[in-house]
Chemist: 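Here's a structure for you.
One-based numbering along the sequence shown. Whatever order the structure lists them in is the order used to number ligands and atoms, beginning at 1.
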Amino acid sequence: MRVAMIGAGYVGLVSGACFADFGHHVTCVDNNESKIELLNRGQMPIFEPGLAELVQSNLRGGRLSFSPDIGRAVRDADAVFIAVGTPSRRGDGHADLSYVFAAAREIAPELDGFTVIITKSTVPVGTGDEVERIIREVRPDADVSIVSNPEFLREGAAIRDFKHPDRIVVGTTDPRAKEVMAELYRPLYLNAAPILYTGRRTAELIKYAANAFLATKITFINEIADLCEKAGADVQEVARGIGLDNRIGAKFLHAGPGFGGSCFPKDAQALIKTAQDFAVPLRIVEAVVAVNDARKRAMARKVAAALDGNVRQKTVALLGLTFKPNTDDMRDAPSLALVAALRDMGATVRAYDPVGMEQAKSVLNGVVYCDGPYTCAEGADALVIVTEWEQFRALDFERLKEVMARPILIDLRNIYLPDEVARHDFLYDSVGRSPSVPQRRHDPRSGSKGGR
Ligand SMILES: NC(=O)c1ccc[n+]([C@@H]2O[C@H](COP(=O)([O-])OP(=O)(O)OC[C@H]3O[C@@H](n4cnc5c(N)ncnc54)[C@H](O)[C@@H]3O)[C@@H](O)[C@H]2O)c1
């Protein structure tokens, strides 16, 4: 099957490379020409584990190509995916659909023979109708079927997620389109991934409902974490205690600094706006967004609390800046609000991220960027784990103590055990658990170097 993938970002590039790996012939089109040049040299514009190898092997195999020319790719294609961005629209929080509609307008004149146009971008319910209207306006004669096929992959595990999805959602009632979609996903179907055929509007809504539900789960456990801190309970154990109930499930019950990333914040916001337009306000999702927004700055107050309530003229070192590990994506990362709040409070902020530094530099000013966790910790009054990269899971506490002004660790991802850290003479605070103080020495908040 011949595929055109419009948009070679996190979703388009991964999906295109995976479809090529299944044996289809895929052309990824992007209007960012420097991105296309990079990809044609086999270099990746984003960090995603395993992606470079997958792209390079399919380039060599002749099944994958990259082009800025939408015309040729669409004319040759049986299936044209739209995988362009749908960011929050400035000012009102609706999904900005201008990229999707622009892509539809560019696709329409090039259509040749029966073509299925598939929206993979996350789009509000009813967007497929508008894509169809645009296509028919530009090309009343075109033989097309417009399908919704939302994507559920997670950055950092995107290839695995694409190749082993929990389900594939296909929004169409057209038998010819179903046949094309079944053929595209046949290798996954053989692996028993369920394909759920629904109406187009239903498929569009499934994506938003899924993201809003997951965001709700995270926010729920974050609020329970706040209660645990006040009540002397342990949120990790609460999460395990409720997560073992199959009706609840253990995933997305990790308390932390609030959800961020390229999807949950904008999608929850867009769902709220869509629901308001239908006069069906979604109060729960509204509360989730408000609670989550407030939480990110609250994390800065948590850091301040560990430093006697004041970070002015103190140095705070942050480990991890991306919204989660194994990606370089900084979109809506909790670190953005945390850095802004710490700087507003008068702190000097140092930071290190294993792969997100370049992206971070373009969105975060006034930060001292460092080349490793220990250089980052140099002279710091507190070290804060913001993103749980693997390399932060086994820090050398003795070495940290040597370089830090004060041994204080604030772990916003709960990757350490409080007693274990306290044994190293650190004051340790995390999320939803009681802080622990050094077991052998005096309180490091006094200003001297504990453990020396
Ligand atoms: N990133 C994720 O984890 C993820 C997961 C599931 C769904 N989604 C959804 O998928 C969509 C794409 O997200 P992304 O993270 O890949 O975005 P992205 O910003 O990384 O990529 C979008 C790409 O589209 C290109 N583009 C825009 N207009 C174009 C046009 N007219 N012609 C050709 N190329 C064009 C841009 O240059 C960019 O490279 C969004 O709707 C998003 O919500 C994202």
Chemist: What residue and heavy atom of the protein are closest to atom 43 (O) of ligand 1, and at what distance?
Modeler: K266 NZ, 2.6 Å
Chemist: For atom 14 (P) of ligand 1, which of the options Y10, F162, Y208 provides the nearest non-hydrogen atom?
Modeler: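 Going through Y10, F162, Y208 one by one, Y10 has the nearest heavy atom to atom 14 (P) of ligand 1.
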Chemist: Can you list the ligand 1 atoms lying under 4.0 Å from a non-hydrogen atom of K207?
Modeler: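 Selected atoms, number and element: 6 (C).
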Chemist: Strictly by side chain to side chain donor-acceptor pair (under 3.5 Å), give each pair with a member in residues 138-150 just once, sequence neighbours left out.
Modeler: K120-N149, R139-D141, D143-R176, S145-D174, N149-Y185
Chemist: For atom 24 (O) of ligand 1, grab the closest protein heavy atom and report residue, atom and distance to one decimal in Å.
Modeler: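 The closest one turns out to be G7 CA, 3.4 Å.
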Chemist: Considering D30, N32, D267 one by one, which has a heavy atom nearer to atom 37 (O) of ligand 1 than any of the others?
Modeler: D30
Chemist: Tell me which protein heavy atom sits closest to atom 1 (N) of ligand 1, plus the residue, atom name and distance to 0.1 Å.
Modeler: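 Minimum-distance protein heavy atom for atom 1 (N) of ligand 1 reads E155 OE2, 2.8 Å.
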Chemist: So, D411 and Y428: side-chain donor and acceptor under 3.5 Å apart, yes or no?
Modeler: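 Yes, side-chain donor-acceptor contact under 3.5 Å.
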Chemist: How far apart are the C-alpha atoms of S430 and R433, what are their side-chain angles, what is the distance that settles it, and do they pass the side chain to side chain donor-acceptor pair (under 3.5 Å) test?
Modeler: CA-CA 6 Å; S430 53; R433 304 183 293 185; 2.9 Å; yes
Chemist: Can you pull out every side chain to side chain donor-acceptor pair (under 3.5 Å) where at least one residue sits in residues 76-87? Sequence neighbours excluded, please.
Modeler: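 For residues 76-87: T86-K266.
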Chemist: Give me the residue, atom name and distance of the protein heavy atom closest to atom 22 (C) of ligand 1.
Modeler: G85 N, 3.6 Å
Chemist: Are any of the N/O atoms in T86 less than 3.5 Å from those in ligand 1?
Modeler: yes
Chemist: Return the orientation label for the F264 and F252 ring planes: parallel under 30°, perpendicular over 60°, tilted otherwise.
Modeler: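 F264 and F252: tilted rings.
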Chemist: For F152, does the six-membered ring have the charged nitrogen or CZ of R167 within the cation-pi criterion, i.e. under 6.0 angstrom from the centroid and within 45° of the normal?
Modeler: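 Checked: cation-pi criterion met.
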Chemist: Identify which one of K324, R160, R331 satisfies the salt bridge (charged side-chain N to carboxylate O under 4.0 Å, His left out) criterion when paired with E155.
Modeler: R331
Chemist: Starting from atom 9 (C) of ligand 1, which protein heavy atom do you reach first, and at what distance in Å?
Modeler: T122 OG1, 3.4 Å
Chemist: Measure the distance from atom 12 (C) of ligand 1 to every protein heavy atom, then report the residue, atom name and distance (to 0.1 Å) of the closest one.
Modeler: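 Residue, atom and distance for the closest contact: V84 O, 3.4 Å.
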Chemist: Students should be able to answer this: which protein heavy-atom is nearest to atom 13 (O) of ligand 1, and at what distance?
Modeler: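 The protein heavy atom lying closest is V11 CG2, 4.2 Å.
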Chemist: Please write down residue, atom name and distance for the protein heavy atom closest to atom 21 (O) of ligand 1.
Modeler: G9 CA, 3.2 Å
Chemist: Only heavy atoms count here, so choose which of L153, N31, L13 is nearest to atom 29 (C) of ligand 1.
Modeler: N31
Chemist: Which heavy-atom pair separates G7 from V84 by the least distance, and what is that distance?
Modeler: CA-CG1, 4.2 Å
Chemist: Quick one: which of R331, E33, E106, E151 has a heavy atom closest to atom 6 (C) of ligand 1?
Modeler: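 Among R331, E33, E106, E151, the closest heavy atom to atom 6 (C) of ligand 1 comes from E151.
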